[in-house]
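Structure record follows, encoded as structure tokens.
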Amino acid sequence: MSRPELLEQIYTIVDQIPAGRVTTYGRIAAMTDGATPRMVGSAMRHLPEGHQLPWHRVIAASLTLADHGGAERQHQKLRDEGVMFDSKGRVSAHLVWPDGT
DNA sequence: CGCGTGACCTCTG
DNA sequence: CCAGAGGCCACGC
């Protein structure tokens with residue numbers, strides 16, 4: 001599977017994330033055919049200008065915001081969508097998409 | 001072609 | 001919970 005294809009899959013999956021829900025890099029990578037979490041992170045980092053993707057709904061597997069400069073903005077956006085964080089800065093596990101243990 | 005780096009993940013202690 | 005080790009793939013130098 002070519003990288004552009006994987007990129008398309010990543011964009012598609014992220015676009016399918018419902019509002020108020022979140023998912024992890026690993027999950028997205030697992031949904032794609034062969035992509036790795038690093039590729040997902042790279043895709044989010046090199047996002048196009050006219051992107052409409054809910055990148056803020058993509059978090060780390062530990063249910064914490066990834067370590068990047070836009071973490072504050074991401075936190076804001078998620079909070080604005082109704083996503084609640086606990087005192088440890090973690091997202092409620094039942095908000096994870098597609099599953100919600 | 002090798003090396004370092006990165007919005008990461010999983011497994012062990 | 002934190003730290004370390006190994007693995008993953010693409011990019012720039």
Side-chain angles (χ1 to χ4, degrees):
Chain A
M1 201 60 86
S2 47
R3 326 320 171 245
E5 267 290 325
L6 295 178
L7 206 56
E8 285 294 315
Q9 295 182 13
I10 294 174
Y11 280 102
T12 302
I13 294 171
V14 174
D15 190 52
Q16 300 313 305
I17 304 176
R21 287 293 208 46
V22 294
T23 194
T24 70
Y25 298 92
R27 272 226 159 85
I28 297 177
M31 293 181 206
T32 62
D33 186 26
T36 63
R38 279 216 134 77
M39 289 184 66
V40 180
S42 198
M44 296 299 99
R45 191 193 174 195
H46 282 231
L47 273 177
E49 299 184 7
H51 66 66
Q52 194 100 12
L53 300 174
W55 58 273
H56 50 272
R57 294 177 195 155
V58 183
I59 63 177
S62 43
L63 301 184
T64 56
L65 299 187
D67 186 19
H68 65 104
E72 286 295 312
R73 237 169 316 180
Q74 184 175 11
H75 186 108
Q76 175 83 47
K77 284 173 173 287
L78 287 177
R79 190 184 61 180
D80 190 58
E81 288 189 352
V83 178
M84 301 299 287
F85 293 82
D86 60 3
S87 45
K88 301 179 187 63
R90 296 194 310 184
V91 180
S92 308
H94 61 82
L95 291 179
V96 179
W97 178 84
D99 208 284
T101 54

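Below, chains carry the letters A, B, ... as their sequence lines are ordered, and counting in each starts from 1.
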(request) Please state the C1' separation for the pair dG6(B) and dG7(C) - nearest whole angstrom. (result) 14 Å

Rounded to the Å, how far apart are [X] [atom1] and [N] [atom2]?
{"X": "K77(A)", "N": "dA7(B)", "atom1": "NZ", "atom2": "C1'", "answer": "15 Å"}
{"X": "D67(A)", "N": "dC2(C)", "atom1": "CG", "atom2": "P", "answer": "14 Å"}
{"X": "R73(A)", "N": "dA7(B)", "atom1": "CZ", "atom2": "C1'", "answer": "13 Å"}
{"X": "M31(A)", "N": "dC8(B)", "atom1": "CE", "atom2": "C1'", "answer": "15 Å"}
{"X": "W55(A)", "N": "dC8(B)", "atom1": "CH2", "atom2": "P", "answer": "13 Å"}
{"X": "Q74(A)", "N": "dA7(B)", "atom1": "CD", "atom2": "P", "answer": "13 Å"}
{"X": "I28(A)", "N": "dC8(C)", "atom1": "CD1", "atom2": "P", "answer": "21 Å"}
{"X": "L7(A)", "N": "dC9(C)", "atom1": "CG", "atom2": "P", "answer": "16 Å"}

(request) Within residues 34-46 of chain A, find the residues that approach DNA chain B with a heavy atom at under 4.0 Å, and present them sorted by residue number. (result) P37(A), R38(A), G41(A), M44(A), R45(A)

(message) Is the ring pair H68(A)/W55(A) parallel, tilted or perpendicular, if the boundaries are 30 and 60 degrees?
(response) perpendicular

(request) Return the minimal non-hydrogen interatomic distance between A43(A) and Y11(A), and the atom names on each side. (result) O-OH, 4.1 Å

(message) Tell me whether the count of non-hydrogen atoms from other residues, nucleotides or ligands lying under 6.0 Å of CG in D86(A) goes above 12.
(response) yes

(request) Using a 4.5 Å cut-off on heavy atoms from C-beta on, say whether the side chain of K77(A) contacts that of E81(A). (result) no

(message) Can you list everything that forms a side chain to side chain contact (heavy atoms under 4.5 Å, CB included) with T64(A)? Sequence neighbours excluded, please.
(response) A60(A), S62(A), R90(A)

(request) State which residue, out of I13(A), V22(A), T24(A), I17(A), fulfils the side chain to side chain contact (heavy atoms under 4.5 Å, CB included) condition with V58(A). (result) I17(A)

(request) Using a 4.0 Å heavy-atom cut-off across all strands, classify R90(A) as base, sugar-phosphate, or nothing. (result) sugar-phosphate

